[in-house]
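Take a look at the structure set out below.
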Amino acid sequence: MAGVARLARRVRRPTREGLTYLSRLWCVIELFTFMQMGIGIRSIRFQPLCRSGPRYKEDKANVDDQLENFDVSQCKCFNEADKRQMHNMIYAAYGDMSNFNREISQMLQAADVIATN
């Protein structure tokens with residue numbers, strides 16, 4: 001899991017992510033791993049990358065919507081077998097998707113979220 005290695009290197013450093021980060025299941029699994037490792041929420045700074053100029057407001061609103069309405073069941077994954085396996089990991093750790101969604105939302109709300117371009 002290369003993503004886990006990238007996440008471990010980003011601890012206590014800003015993460016600069018594209019607008020689709022929270023819609024990609026493998027990316028969300030990075031956050032799942034972060035939580036499972038027991039690393040404090042204040043250790044991350046989540047920086048979604050927004051386009052500059054007139055599209056900044058649109059991108060920022062998109063980021064805000066993703067943060068407010070996060071739902072792991074809506075995340076995309078190219079490989080259906082991978083998707084089932086990751087969903088099973090989430091169920092095993094959190095009991096259901098809504099508990100996981102709540103944990104991710106709380107983590108991101110408590111993290112230092114700054115939309116940048």
Side-chain angles (χ1 to χ4, degrees):
M1 288 178 71
V4 175
R6 282 195 321 271
L7 181 65
R9 285 193 303 272
R10 290 193 297 222
V11 172
R12 299 197 188 283
R13 293 185 1 211
T15 63
R16 294 178 64 103
E17 307 300 347
L19 293 174
T20 61
Y21 184 81
L22 291 176
S23 68
R24 297 186 317 247
L25 188 55
W26 274 108
C27 296
V28 172
I29 291 300
E30 287 183 343
L31 297 174
F32 167 86
T33 303
F34 189 84
M35 291 186 307
Q36 292 300 305
M37 291 170 59
I39 299 171
I41 290 170
R42 298 284 180 206
S43 297
I44 66 167
R45 193 164 115 196
F46 187 73
Q47 291 183 307
L49 297 175
C50 297
R51 294 171 288 191
S52 59
R55 294 209 167 156
Y56 176 82
K57 284 185 179 180
E58 175 187 339
D59 289 354
K60 176 69 169 84
N62 185 353
V63 168
D64 291 345
D65 183 61
Q66 287 180 41
L67 293 171
E68 272 185 47
N69 300 304
F70 176 77
D71 183 356
V72 70
S73 67
Q74 298 300 311
C75 291
K76 310 236 182 311
C77 183
F78 177 74
N79 184 307
E80 194 61 36
D82 284 352
K83 185 175 186 175
R84 279 191 305 275
Q85 184 176 4
M86 289 183 274
H87 281 188
N88 287 339
M89 288 179 354
I90 291 167
Y91 279 115
Y94 291 91
D96 65 25
M97 294 296 194
S98 63
N99 290 332
F100 180 72
N101 290 340
R102 189 171 29 262
E103 289 291 324
I104 289 286
S105 294
Q106 289 173 355
M107 182 178 109
L108 292 172
Q109 288 171 13
D112 188 9
V113 179
I114 301 170
T116 61
N117 56 16

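These figures come from a predicted structure and were not determined experimentally.
Using a 3.5 Å distance cut-off with no hydrogens or angles, the side chains of Asn99 and Asp96 do pair a donor with an acceptor. Counting only N and O atoms by type, the side chains of Gln66 and Asn62 include a donor and acceptor under 3.5 Å apart.
Put simply, the side chain of Ile29 reaches to within 4.5 Å of the side chain of Met89, judged on heavy atoms. In this structure, Val63 and Leu67 have side chains that are in contact, with non-hydrogen atoms separated by less than 4.5 Å. Under the 4.5 Å side-chain criterion, counting only non-hydrogen atoms from C-beta, Phe100 is not in contact with Ser73. Contact annotation: the side chain of Gln106 approaches that of Arg102 to within less than 4.5 Å [non-hydrogen atoms, C-beta and beyond].
Sparse packing is recorded around CD of Gln85, with 12 or fewer heavy atoms of other residues, nucleotides or ligands lying under 6.0 Å away.
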* List the steps and the verdict of side chain to side chain contact (heavy atoms under 4.5 Å, CB included) for Trp26 and Asn79. => CA-CA 10 Å; Trp26 274 108; Asn79 184 307; over 6 Å; no

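Once rounded to the nearest 0.5 Å, the distance linking SG of Cys77 with CZ of Arg84 reads 10.0 Å. To the nearest 0.5 Å, atom OG of residue Ser105 and atom CG of residue Asn69 are 8.5 Å apart. Taking CD from Glu58 and SG from Cys50, the interatomic distance works out to 10.0 Å, rounded to the nearest 0.5 Å.
Results of the side chain to side chain contact (heavy atoms under 4.5 Å, CB included) test with Phe32 over Val72, Ile90, Ile104, Leu25 single out Ile90 as the only residue that passes.
Contact record, Tyr21 with Val28: O-CG2, 4.4 Å, taken as the closest heavy-atom pair.
Applying the salt bridge (charged side-chain N to carboxylate O under 4.0 Å, His left out) test to pairs two or more places apart or on separate chains, those with a residue in residues 62-73 are Lys60-Asp64.
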